[in-house]
Amino acid sequence: MTGESKSGPAGALRRPGQGRPVGEELRSLAVAAVVEEGMSVSAAARRFGLTRDSVGRWLTRFRERGHVRRERMGGSASRIEPHRERILRILEARPRLSMYGLRDALAAEGLSFHATTVQNFLKRHGMDRERRLARLRRKRWTGR
């Protein structure tokens with residue numbers, strides 16, 4: 001036996017799942033192997049259990065920007081954000097409203113959002129139902 005297994009050379013790191021971010025330290029090691037040791041992109045990818053495309057992308061980023069840090073992942077600004085004041089007005093009038101109730105109230109005003117969009121908005125702004133209900137209970141007990 002040569003010390004190799006089906007998953008790659010002995011001691012090599014396993015490939016991360018598709019779409020999963022690789023840490024900056026491992027990125028730096030792979031890029032340094034190419035830049036400082038003169039290793040090919042393919043050889044560096046094999047050594048660290050990475051894909052050739054990923055190492056090549058990080059090498060390009062390093063040469064263009066001087067770092068291998070991850071770019072921000074994720075989508076764009078939420079479509080619901082511009083309607084924050086309207087949402088606050090609805091919740092002020094009906095503080096016990098559930099996420100689905102809020103979604104339906106917005107739909108009645110001509111705004112259509114998926115329930116998850118509404119839920120994420122409420123969580124992002126600290127207005128999820130549990131917090132709102134706790135605030136109501138405190139108000140009732142303290143009179144404020």
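Index from 1, following the sequence. Just so we're clear, the structure is a prediction, and the values are computed from it rather than from any experiment.
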All pairs passing side chain to side chain donor-acceptor pair (under 3.5 Å) where residues 30-43 contributes a residue, at least two apart:
Glu37-Arg47
CD1-CG distance between Ile90 and Leu106, expressed to the nearest 0.5 angstrom:
4.5 Å
Going by side chain to side chain donor-acceptor pair (under 3.5 Å), name the residues that satisfy it together with Arg124, two or more places apart in sequence or in a different chain.
Glu81
Residue pairs, two or more places apart or on separate chains, that pass side chain to side chain donor-acceptor pair (under 3.5 Å) and touch residues 100-112:
Arg86-Glu109, Arg89-Glu109
Could you grab the distance from atom CG of Leu59 to atom CD of Glu64, nearest 0.5 Å is fine?
10.0 Å
ring-ring contact (aromatic ring centres under 6.0 Å, His included) filter on His114, not counting sequence neighbours, yields none
Under the side chain to side chain donor-acceptor pair (under 3.5 Å) test, residues paired with Arg57 that sit two or more places apart
Ser54
Without placing hydrogens or testing angles, list every side-chain donor-acceptor pair under 3.5 Å for residues 21-29, not counting sequence neighbours.
| unit_1 | atom_1 | unit_2 | atom_2 | d |
| --- | --- | --- | --- | --- |
| Arg27 | NE | Val22 | O | 2.9 |
| Arg27 | NH1 | Val68 | O | 3.3 |
| Ser28 | OG | Glu24 | O | 2.9 |

Under the side chain to side chain contact (heavy atoms under 4.5 Å, CB included) rule, collect the residues that match up with Ala44, sequence neighbours excluded.
Ala33, Val34, Met39, Val55
Going by side chain to side chain contact (heavy atoms under 4.5 Å, CB included), name the residues that satisfy it together with Ala93, two or more places apart in sequence or in a different chain.
none
Show me the pairs that pass ring pair (Phe, Tyr, Trp, His ring centres under 6.0 Å) and involve residues 117-138, at least two apart or across chains.
Phe121-His125
Are Leu88 and Glu92 side-chain neighbours, meaning at least one heavy-atom pair lies under 4.5 Å?
no
Measure across Arg94 and Ala105 and return the closest heavy-atom pair with its distance rounded to 0.1 Å.
NH1-CB, 4.3 Å
For Phe113, check ring-ring contact (aromatic ring centres under 6.0 Å, His included) against everything at least two apart and list the hits.
His83
CG-CD distance between Leu122 and Glu130, expressed to the nearest 0.5 angstrom
12.0 Å
Any heavy-atom pair between the side chains of Leu111 and Ile80 that's under 4.5 Å?
no
Using the side chain to side chain donor-acceptor pair (under 3.5 Å) criterion, which residues pair with Arg65? Sequence neighbours excluded.
Glu71
